[in-house]
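To find a chain, count down the sequence lines: A is the first, B the second, and so on, and within it residues start at 1.
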Amino acid sequence: MLRMLLFFVVLKTLLHTLNKLIFMNLNIHSRPAMKPEISEQILSVPHKLLNWYDQNKRLMPWRPRDGSRPDAYKVWLSEIMLQQTQVATAIPYFEKFLNRWPSIFKLAEANLDDVLIEWAGLGYYARARNLHRCAKIIVNNFNGIFPNQEEKLLELPGVGTYTAAAIMAIAFDTKATPMDGNFERVTARLNAIEKPLPAAKPLLKKYATMITPDYRPGDYAQAVMDLGATICTPKKPRCNKCPVNGSCLSLEKGKTEVIPKKTPKRKKPSRFGIAFLCINTNNEILLQRRPDKGLFAGMMEVPGTPWTENPPSQAQIQNSEPFKTDWQVVPGTIIHVFTHFKLEIKVLRVNLKYCPKADSLAWHPADTFQKAGLPSLMLKIIRHGLK
DNA sequence: AAGGCGGGGCG
DNA sequence: CGCCCAGCCTT
């Protein structure tokens, strides 16, 4: 009995020393004042998450089924598409792109216009421009091979801290911690961080980096993100199904619903505009190209008034109309919400009796408007106007 | 540090 | 409706 007790005491001391060593090691570069406290339970999280990941791996076209390392091209392409975009939305685009441009070399040879057309509907169109620019850089300056250094990756257009870390971890299985919204939420909940986002981002990164394992860091990163997407969801997390519910400080304190906290955002302003849906005698729709900077840069659009703080006056409408003609008001209003404002569009329509030609304007067959490479807002406008 | 930049899903 | 995203870039 005494021997048993002694054994446990020794074991506990050993474990404690081990934890301390790991802890010191992980904090070697951080300042003492910023050193976050971390519970011993949290240290068991990586192992548990990797086990969970192995048993619940979600099928995605950029994830090899056999557990091998995915191609860096696929990792990069998928990660760019996944920026502020959910997996289900990105999958069909990934398939289209990989089918049409199977390698970074093919993508680098593509026309930017074709890339933009294939990207249409996915949003944040600067991503498509940067994607194409980046492909050219990788081919011309790196012989088509992605560098396996985080600093080099960070210099690439469209690759920020998250994506650089994601490529390092997932493509090269190198220790890195890609902090996305999921990773932040999981980290905040596990450690019961009360500080609100986005101010807490550096702190969360520190906590997350401390327990990132040397072993399978790529799978670990994907495990955390999968956990955030399926179990540790923003609202109503499924804690009863969580593989690390024994290590979660927020759950222990009953605070999973209020962590992470967020500083309130200011209300979105509203803007108003008129769109002109012109249909000619060939059953074609009038389109025009937007400037190559700003919202929907370089994308095709339905002509319209500028989007202003108040509904446009009759004079402003006449100022913007592509032709003097007898416009018919299409009943109803289109509401489209951007990140930073809400847009209300009314549609004016006319079936022209002739086929006018004009510079910087283009006609597209009305029955195949879905394939014109238009942003979703423009598809909404056309669908609404054709009813 | 703050703001511009899409779109879809969910409750 | 409002909220939330597998963020990056410019100013």
Participant: Could you tell me the separation between the CD1 atom of A:Ile167 and the P atom of C:dC8, rounded to a whole number of Å?
Facilitator: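 Rounded to whole Å, this separation is 10 Å.
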Participant: State which of B:dG6, C:dC8, B:dG8 makes the closest approach to the side chain of A:Gln86.
Facilitator: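 Output: B:dG8.
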Participant: For A:Leu122 and C:dC5, give me the distance from atom CG to atom P, rounded to whole Å.
Facilitator: 18 Å
Participant: Roughly how far apart, to the nearest Å, are B:dG3 and C:dA6 at atom P?
Facilitator: 23 Å
Participant: Check whether any side-chain N or O of A:Arg129 sits under 4.0 Å from OP1 or OP2 of C:dC9, and answer yes or no.
Facilitator: no
Participant: Of A:Arg271 and A:Gly121, whose closest DNA chain B nucleotide lies nearer the 5' terminus?
Facilitator: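 Nearest nucleotide further toward 5': that of A:Arg271.
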Participant: Look at the side chain of A:Thr339 against the base of B:dG6 and say whether a donor-acceptor pair falls under 3.5 Å; ignore hydrogens and angles.
Facilitator: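 Present.
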Participant: Would you mind checking if A:Asp219 and A:Lys57 are paired as a salt bridge, meaning a charged N to carboxylate O distance below 4.0 Å?
Facilitator: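 Not counted as a salt bridge, because no side-chain N and carboxylate O are separated by less than 4.0 Å.
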Participant: Can you check the A:Tyr93 OH to B:dG6 C1' distance for me, whole Å?
Facilitator: 10 Å
Participant: Could you check if a side-chain atom of A:His336 sits within less than 4.5 angstrom of a side-chain atom of A:Ile345, using non-hydrogen atoms only?
Facilitator: no
Participant: Tell me the interatomic distance from A:Tyr125, atom OH, to B:dC5, atom C1', rounded to whole angstroms.
Facilitator: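 Taking OH of A:Tyr125 and C1' of B:dC5, I get 11 Å after rounding.
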Participant: Please determine, for the side chain of A:Val87, which listed nucleotide (C:dC8, C:dA6, B:dC5) has the closest atom?
Facilitator: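 Within the option list, the nearest is C:dA6.
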Participant: Just how far, in rounded Å, is P of C:dA6 from CD1 of A:Ile80?
Facilitator: 16 Å
Participant: Roughly how far, to the nearest 0.5 Å, is the CD1 atom of A:Ile274 from the CD atom of A:Glu321?
Facilitator: 11.0 Å
Participant: Distance check, rounded to the nearest 0.5 Å: A:Glu301 atom CD versus A:Leu286 atom CG?
Facilitator: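 Here the interatomic distance stands at 10.0 Å.
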Participant: Quiz question: going by heavy-atom distance under 3.5 Å, is there a donor-acceptor pair between the base of B:dG6 and the side chain of A:Thr85?
Facilitator: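 Such a pair is found, so the answer is yes.
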Participant: Kindly say if A:His340 contacts the phosphate of B:dG3, meaning a side-chain N or O under 4.0 Å from OP1 or OP2.
Facilitator: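 Checking A:His340 against B:dG3: no side-chain N or O falls below 4.0 Å of OP1 or OP2.
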Participant: Could you check how far CD of A:Glu79 sits from P of C:dA6, rounded to whole Å?
Facilitator: 12 Å
Participant: Ignoring backbone atoms, establish whether A:Thr161 has a side-chain N or O less than 4.0 Å from OP1 or OP2 of C:dC8.
Facilitator: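 Looking at the OP1 and OP2 atoms of C:dC8, one of them is under 4.0 Å from a side-chain N or O of A:Thr161.
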Participant: Under 4.0 Å, counting only non-hydrogen atoms across every strand here, what does A:Phe183 touch: a base, just sugar-phosphate, or nothing?
Facilitator: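 It contacts nothing in the nucleic acid.
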Participant: Could you check which nucleotide pairs with B:dG6 in any of the strands shown, counting Watson-Crick or G-U wobble with both distances under 3.5 Å?
Facilitator: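 Paired with B:dG6, as far as the under-3.5 Å criterion goes, is no nucleotide at all.
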Participant: Look at the side chain of A:Ser376 and decide which nucleotide, out of C:dC3, C:dC8, B:dG7, has an atom nearest to it.
Facilitator: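 Nearest to the side-chain atoms of A:Ser376, counting from C-beta on, is B:dG7.
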Participant: Applying a 4.0 Å non-hydrogen cut-off, can you work out what A:Pro178 is touching in the nucleic acid: base, sugar-phosphate, or nothing?
Facilitator: nothing
Participant: Which nucleotide in the set C:dG7, C:dA6, B:dG7 lies at the smallest distance from any side-chain heavy atom of A:His336?
Facilitator: B:dG7
Participant: Starting the side chain at C-beta, find the nucleotide from C:dG7, C:dA6, B:dG6 nearest to A:Gln83.
Facilitator: C:dG7
Participant: Establish, yes or no, whether the cationic atom of A:Arg271 lies under 6.0 Å from the six-membered ring centre of A:Phe341 and within 45° of the ring axis.
Facilitator: yes
Participant: Are A:Trp327 and A:Phe276 near enough that their ring centres are under 6.0 Å apart?
Facilitator: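 Yes, the ring of A:Trp327 comes within the 6.0 Å limit of the ring of A:Phe276, centre to centre.
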Participant: Let's see if you can work this out: which of B:dG7, C:dC1, B:dG6 has an atom nearest to the side-chain heavy atoms of A:Ile335?
Facilitator: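 Of B:dG7, C:dC1, B:dG6, C:dC1 is nearest to the side chain of A:Ile335.
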Participant: So what does A:Gly294 hit on the nucleic acid, given a heavy-atom distance under 4.0 Å: a base, only sugar-phosphate, or nothing?
Facilitator: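 The residue A:Gly294 makes sugar-phosphate contact but no base contact.
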Participant: Quick one: A:Trp62 CH2 to C:dA6 P, roughly how many Å, whole number?
Facilitator: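 For the pair A:Trp62 CH2 and C:dA6 P, the rounded distance is 13 Å.
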Participant: Can you tell if the side chain of A:Phe172 reaches within under 4.5 Å of the side chain of A:Phe146, non-hydrogen atoms only?
Facilitator: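 Yes; the side chains approach each other to less than 4.5 Å.
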Participant: Given atom NZ of A:Lys205 and atom P of C:dG7, what is their separation to the nearest angstrom?
Facilitator: 13 Å
Participant: Report yes if at least one side-chain N or O of A:Arg185 is closer than 4.0 Å to OP1 or OP2 of C:dC5; otherwise report no.
Facilitator: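 So the side-chain polar atoms of A:Arg185 do come within 4.0 Å of the phosphate oxygens OP1 or OP2 of C:dC5, strictly under.
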Participant: Where each residue is assigned the nucleotide of DNA chain C containing its nearest heavy atom, which of A:Lys262 and A:Asn130 is assigned the position nearer the 5′ end?
Facilitator: A:Lys262
Participant: Give one of base, sugar-phosphate or nothing for A:Met299, where a contact means two heavy atoms less than 4.0 Å apart.
Facilitator: nothing
Participant: Across the strands shown, which category fits A:Val159 at heavy-atom distances under 4.0 angstrom: base, sugar-phosphate, nothing?
Facilitator: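 Sugar-phosphate contact only.
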Participant: Does the B:dG6 base have a donor-acceptor partner in the side chain of A:Tyr124 within less than 3.5 Å?
Facilitator: yes
Participant: Let me know, please, whether A:Arg58 or A:Leu154 comes out on the 5' side of the other along DNA chain C by nearest nucleotide.
Facilitator: A:Arg58
Participant: If the C1' atom of C:dC8 is compared with that of B:dG9, how far apart are they to the nearest Å?
Facilitator: 23 Å
Participant: Checking all strands, does A:Leu343 fall into the base, sugar-phosphate, or nothing category for heavy-atom contacts under 4.0 angstrom?
Facilitator: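 Counting heavy atoms under 4.0 Å across all strands, no contact is made by A:Leu343.
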Participant: Using a heavy-atom cut-off of 4.0 Å across all strands, would you classify A:Thr233 as base, sugar-phosphate, or nothing?
Facilitator: nothing
Participant: Looking only at atom C1', what distance separates C:dC9 and B:dG8, rounded to whole Å?
Facilitator: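 Nearest-Å result for C:dC9 against B:dG8 at atom C1': 23 Å.
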Participant: Does A:Arg216 make a cation-pi contact with A:Trp52 (under 6.0 Å, within 45 degrees of the axis)?
Facilitator: no
